[in-house]
Engineer: 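What follows is a structure written as structure tokens; I'll ask about it next.
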Amino acid sequence: MIHNNYWDERYWQQKSWKYGELLLIWQDTAGDAGLWQLFLPGCGPKNLPSEQQFNPLTCSDKLHWKETAVDELLNRDSILKLPAAKKDIFCSWQRFTTFETDILARLGQVPAGKVISYGALANWAGYPRAARAVGRLMTKNPFPLFYPCHRVIQADGRLGNFGGGTELKRQLLKTEGVLFSPAEKVSPSSRLKKSLKLPSL
DNA sequence: CCGAGGGCTTGTT
DNA sequence: GAACAAGCCCTCG
């Protein structure tokens with residue numbers, strides 16, 4: 001058996017989704033069985049080791065349970081409505097800095113149908129001028145859909161970039177009920193209001 | 001009411 | 001310590 005750091009105890013799986021084929025990377029260690037990474041259609045690595053394909057018959061019970069649950073979320077197209085408290089059940093959280101954890105935790109609380117700007121998200125999580133650092137974090141968001149980076153837009157209402165393509169970003173937002181101006185900017189009424197009460201981190 | 005340009009900013013690698 | 005990035009804000013024309 002070839003020892004490869006990344007694929008050690010990790011397994012890949014493709015799942016069909018409304019907007020294309022997703023690639024999921026599962027981690028199955030004793031202490032931390034869960035989703036390691038999710039790639040939007042067209043975003044994942046190309047060469048996947050066949051011996052590391054996810055197998056429900058040989059994985060741990062814990063992982064099998066999570067995989068089944070995620071499968072149902074995708075089939076019922078309810079993944080985008082997953083409440084904040086349930087997101088971290090599925091996702092593996094061991095590898096993040098405090099900044100990343102803080103930002104992703106806040107991001108997880110942005111509900112479907114609302115958007116927030118990069119700067120406002122940074123400020124909200126306690127990093128007042130870190131808009132650009134947030135953008136940088138979004139590029140490597142390991143859990144899109146779970147942690148909805150498609151709901152993070154530019155301060156002037158333009159969409160900003162998106163790993164899965166800006167068209168998918170627009171599509172997702174429209175499906176969620178976000179309103180757009182004639183000039184295709186997100187209308188102010190769809191912004192998350194500051195008054196929302198949040199649990200402390 | 002745009003749009004382009006420049007300077008400023010952050011956390012990570 | 002330097003370079004980077006899915007930003008922001010202000011200034012002009």
Side-chain angles (χ1 to χ4, degrees), chain A residues 4-8 10 17 19-25 27 35-46 79-80 82 84 87-88 91-176 178-194 196 198 200-201:
Chain A
N4 178 313
N5 277 338
Y6 184 85
W7 288 110
D8 199 28
R10 305 232 175 90
W17 176 56
Y19 301 101
E21 199 82 355
L22 297 174
L23 174 65
L24 284 75
I25 311 292
Q27 174 167 287
L35 185 62
W36 177 258
Q37 201 163 5
L38 183 155
F39 291 100
L40 293 170
C43 290
K46 270 282 167 187
I79 187 169
L80 296 170
L82 192 64
K87 296 176 195 292
D88 59 348
C91 304
S92 182
W93 276 97
Q94 284 188 153
R95 63 193 185 283
F96 299 111
T97 66
T98 54
F99 170 75
E100 293 169 333
T101 308
D102 291 349
I103 298 295
L104 287 175
R106 280 297 189 227
L107 174 58
Q109 295 175 314
V110 178
K114 292 290 175 187
V115 298
I116 189 169
S117 73
Y118 294 91
L121 177 58
N123 191 53
W124 200 21
Y127 301 82
R129 267 151 263 110
R132 220 165 171 182
V134 165
R136 198 173 194 290
L137 170 59
M138 294 300 106
T139 74
K140 53 167 216 172
N141 175 15
F143 311 119
L145 308 183
F146 283 94
Y147 288 82
C149 56
H150 62 284
R151 294 178 196 145
V152 188
I153 64 163
Q154 293 183 181
D156 64 1
R158 276 151 45 223
L159 286 189
N161 223 322
F162 189 56
T166 55
E167 273 322 301
L168 178 57
K169 191 171 187 174
R170 189 191 323 278
Q171 175 113 250
L172 289 172
L173 292 177
K174 284 187 172 173
T175 304
E176 293 176 358
V178 169
L179 303 174
F180 286 79
S181 76
E184 285 298 294
K185 287 187 175 185
V186 173
S187 68
S189 63
S190 288
R191 283 180 190 261
L192 188 60
K193 289 179 181 60
K194 277 183 169 182
L196 187 75
L198 293 168
S200 58
L201 300 171

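Reminder, nothing fancy here: chain letters follow the sequence lines and each chain counts from 1.
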Engineer: Nearest whole angstrom, please: distance from the P of C/dA5 to the CG of A/Leu121.
Structural biologist: 20 Å
Engineer: How close or far is atom C1' of C/dC8 from atom CD1 of A/Ile153, stated in whole angstroms?
Structural biologist: 13 Å
Engineer: Using Watson-Crick or G-U wobble geometry with both distances under 3.5 Å, which nucleotide pairs with B/dT9?
Structural biologist: none
Engineer: Nearest to the side chain of A/Ala133 - C/dA6, B/dT10, C/dA5?
Structural biologist: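 Closest of the options to the side chain of A/Ala133: B/dT10.
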Engineer: Expressed as a whole number of angstroms, how long is the span from A/Arg132:CZ to C/dA3:P?
Structural biologist: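 Distance check: A/Arg132 CZ to C/dA3 P gives 14 Å.
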Engineer: Closest nucleotide of DNA chain B for A/Pro128 versus for A/Lys140: which of these residues is on the 5' side?
Structural biologist: A/Pro128
Engineer: Roughly how many Å is it from CG in A/Asp156 to C1' in C/dC8, rounded to a whole number?
Structural biologist: 9 Å
Engineer: OP1, OP2 of B/dG11 versus side-chain N and O of A/Thr97: anything below 4.0 Å?
Structural biologist: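 It does not, given that no N or O in the side chain of A/Thr97 lies less than 4.0 Å from OP1 or OP2 of B/dG11.
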Engineer: What is the distance from CG of A/Asn141 to C1' of B/dT12, rounded to the nearest Å?
Structural biologist: 16 Å
Engineer: So, is A/Ser117 near the phosphate of C/dG7, with a side-chain N or O under 4.0 Å from OP1 or OP2?
Structural biologist: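 So the side-chain polar atoms of A/Ser117 never come under 4.0 Å of the phosphate oxygens OP1 or OP2 of C/dG7.
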Engineer: In residues 179-191 of chain A, what residues come within less than 4.0 Å of DNA chain C, judged by heavy atoms?
Structural biologist: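 Within residues 179-191 of chain A, no residue comes under 4.0 Å of DNA chain C.
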Engineer: Show your working on side chain to side chain contact (heavy atoms under 4.5 Å, CB included) between A/Arg170 and A/Leu173 and close with a plain yes or no.
Structural biologist: CA-CA 5 Å; A/Arg170 189 191 323 278; A/Leu173 292 177; 5.9 Å; no
Engineer: Roughly, in whole Å, what's the span from CG in A/Leu168 to C1' in C/dA6?
Structural biologist: 14 Å
Engineer: Would you say A/Arg129 reaches B/dT10's phosphate, i.e. side-chain N/O to OP1/OP2 under 4.0 Å?
Structural biologist: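 Answer yes for this pair, as a side-chain N or O of A/Arg129 is under 4.0 Å from OP1 or OP2.
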Engineer: Report the base-pairing partner of C/dA6 (Watson-Crick or G-U wobble, both distances below 3.5 angstrom), or none.
Structural biologist: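 The base-pairing partner of C/dA6, which may sit in any strand shown, does not exist here.
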Engineer: Please give, in whole Å, the distance from C/dC8 P to A/Leu159 CG?
Structural biologist: 13 Å
Engineer: Side chain of A/Ala131 only, heavy atoms from C-beta on: which candidate in B/dT10, B/dT12, C/dC8 is closest?
Structural biologist: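 Taking heavy atoms from C-beta onward, the closest nucleotide is C/dC8.
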Engineer: Salt bridge check: are A/Arg136 and A/Glu100 linked by an N-O gap of less than 4.0 Å?
Structural biologist: no
